[in-house]
Amino acid sequence: MSPQREEAMAVMEYETTLAEAAERLSRELPGHRVEILQGRLTVTPPADGAHAESLTWLIVELHRAGATTAGLKYLQGIGLWLPSGPDDYAVPDLSLVDADYRDAHVSKNCFAPHVFRMVLEITSSNWADDLGPKMDCYAQAGIPVYLVADRRHDEVALCTDPRGGTYHSRRSYKRGTSVPLPASTGVGGLELPVDRLLDGDGPVSP
């Protein structure tokens, strides 16, 4: 068991709610990402360099594509309130949201799903969450586009058409190809090279 999970279990013994446990862990594990997915507390360690490079590159690409002039903002570290449980929330690696997203504030640093156009996750040690519970939660929340840079399987998944708690379209893109962002993101026509999403500026260690 990882030290983060041991810490999470220890905190749970003394806290009365998941929300309280998540808040305490956020204070005691700076740099870690704390989320509640389907009633389960999860803790993600800080990102590695390639992960951070990919996010920086993508922000530049979204800016060049005119996201801000289209009335959008691209943000890291904001919470997405989820309908899968009373305390559930996620903190995507990157979110593309409506410029007036602050009007949709729900609680703490979380915002209602309807202001999110796209969320992006870059997999790390807890890659199974990004491909399992998070995919289900984002579909249930009606997030139009979920993009996963899946470094575990060396591909990028594009999930669209959320209906009935499921993404009815999921396409995988291999190295050497590019992912076309749908028009529903507000930056339709932008194509993102898979290699840059996976590697940042260089290859990722297995």
Side-chain angles (χ1 to χ4, degrees), residues 1-56 58-59 62 72-143 146-152 200 204:
M1 181 181 296
S2 70
Q4 291 82 14
R5 290 189 181 276
E6 289 180 355
E7 175 71 12
M9 292 180 65
V11 169
M12 287 291 291
E13 291 180 3
Y14 298 99
E15 300 292 350
T16 57
T17 69
L18 277 174
E20 291 170 345
E23 186 173 350
R24 180 174 174 183
L25 280 174
S26 294
R27 294 194 305 266
E28 295 187 354
L29 296 172
H32 291 67
R33 179 172 45 166
V34 179
E35 302 166 294
I36 302 176
L37 306 173
Q38 299 175 335
R40 179 173 58 89
L41 190 63
T42 71
V43 180
T44 304
D48 58 31
H51 186 292
E53 288 177 5
S54 293
L55 291 178
T56 300
L58 182 54
I59 287 171
L62 290 171
L72 302 171
K73 291 189 175 182
Y74 28 85
L75 304 170
Q76 299 181 59
I78 68 166
L80 166 57
W81 201 255
L82 297 170
S84 51
D87 295 318
D88 282 11
Y89 69 95
V91 184
D93 285 324
L94 184 71
S95 300
L96 186 63
V97 299
D98 295 333
D100 61 354
Y101 75 97
R102 293 188 184 185
D103 295 337
H105 180 256
V106 177
S107 178
K108 299 179 182 177
N109 190 34
C110 295
F111 300 86
H114 70 270
V115 298
F116 288 76
R117 301 286 190 93
M118 179 181 77
V119 296
L120 166 80
E121 300 284 6
I122 299 174
T123 61
S124 53
S125 58
N126 60 347
W127 57 271
D129 282 339
D130 294 330
L131 300 175
K134 281 194 174 182
M135 188 173 292
D136 295 337
C137 289
Y138 292 155
Q140 292 167 14
I143 305 303
Y146 177 33
L147 192 64
V148 190
D150 181 3
R151 301 191 295 180
R152 173 76 176 190
V204 178

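Note that the CE atom of Met118 and the CG atom of Leu94 stand 6.0 Å from one another [nearest 0.5 Å]. Going from atom CG of Asp87 over to atom CG of Leu18 covers 6.0 Å, rounded to the nearest 0.5 Å. Interatomic distance, Cys137 SG to Gln38 CD, rounded to the nearest 0.5 Å: 4.0 Å. Here the OG-CD distance, from Ser95 to Gln76, works out to 9.5 Å after rounding to the nearest 0.5 Å. Put simply, CG on Leu37 and OG1 on Thr42 are 4.5 Å apart, with the number rounded to the nearest 0.5 Å. One finds the OG1 atom of Thr17 at 7.5 Å from the CD1 atom of Ile36 (value rounded to the nearest 0.5 Å).
Minimum heavy-atom separation, Met135 to Tyr146: CA-CE2, 3.7 Å. Contact detail for Ala149 and Leu120: the closest heavy-atom pair is N-CD1, 4.4 Å. Residues Gly79 and Val91 come closest through the heavy atom pair CA-CG2, 4.4 Å. Gly77 and Asn109 get closest at one heavy-atom pair: O-ND2, 3.0 Å. Closest of all the heavy-atom pairs between Ala104 and His114 is CB-CE1, 3.8 Å. In this structure, Pro113 and Leu80 approach most closely via the heavy-atom pair CA-CD1, 3.6 Å.
Sorted by first and then second residue, the ring pair (Phe, Tyr, Trp, His ring centres under 6.0 Å) pairs with a member in residues 72-103 read Tyr101-Phe111; sequence neighbours excluded.
In this structure, Asn126 contributes its side chain and Thr44 its backbone to no donor-acceptor pair below 3.5 Å. Within the 3.5 Å criterion, the main-chain N or O of Gly39 finds a donor-acceptor partner in the side chain of Asp88. Checked by atom type and distance alone, the side chain of Ser54 pairs as donor or acceptor with a backbone atom of Gly200 at under 3.5 Å. Here the side chain of Asp100 pairs no donor or acceptor atom with the backbone of Asp103 at under 3.5 angstrom.
The side chain to side chain donor-acceptor pair (under 3.5 Å) check on Glu35 picks up Lys134, with sequence neighbours excluded. Applying the side chain to side chain donor-acceptor pair (under 3.5 Å) rule to Glu23 yields the partners Lys108; only residues at least two apart in sequence or on another chain are considered. Looking at residues two or more places apart in sequence or on another chain, you find no side chain to side chain contact (heavy atoms under 4.5 Å, CB included) involving Arg102. In this structure, the salt bridge (Lys or Arg N to Asp or Glu O under 4.0 Å) partners of Asp98, at least two apart in sequence or on a different chain, are Arg117. Not counting sequence neighbours, Phe116 has no partner by the ring-ring contact (aromatic ring centres under 6.0 Å, His included) test.
Looking at heavy atoms from C-beta onward, Arg151 lies in side-chain contact with Asp48 at the 4.5 angstrom threshold.
Ionic pairing of Arg24 and Glu20 is not present here: no N-O contact between side-chain nitrogen and carboxylate oxygen is shorter than 4.0 angstrom. Checked for salt-bridge contact, Asp129 and Arg40 meet the test: a charged N lies under 4.0 Å from a carboxylate O.
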task: Could you please spell out the steps behind the side-chain contact (heavy atoms from CB on, under 4.5 Å) verdict for Leu25 and His32?
output: CA-CA 9 Å; Leu25 280 174; His32 291 67; over 6 Å; no

- request: Kindly indicate, with the supporting measurements, whether the criterion side-chain contact (heavy atoms from CB on, under 4.5 Å) is fulfilled by Asp93 and Leu55.
  value: CA-CA 8 Å; Asp93 285 324; Leu55 291 178; 4.1 Å; yes

query: Do Arg152 and Asp130 pass the salt bridge (charged side-chain N to carboxylate O under 4.0 Å, His left out) test, and can you show the C-alpha distance, the side-chain angles, and the key distance before you say yes or no?
result: CA-CA 11 Å; Arg152 173 76 176 190; Asp130 294 330; over 6 Å; no

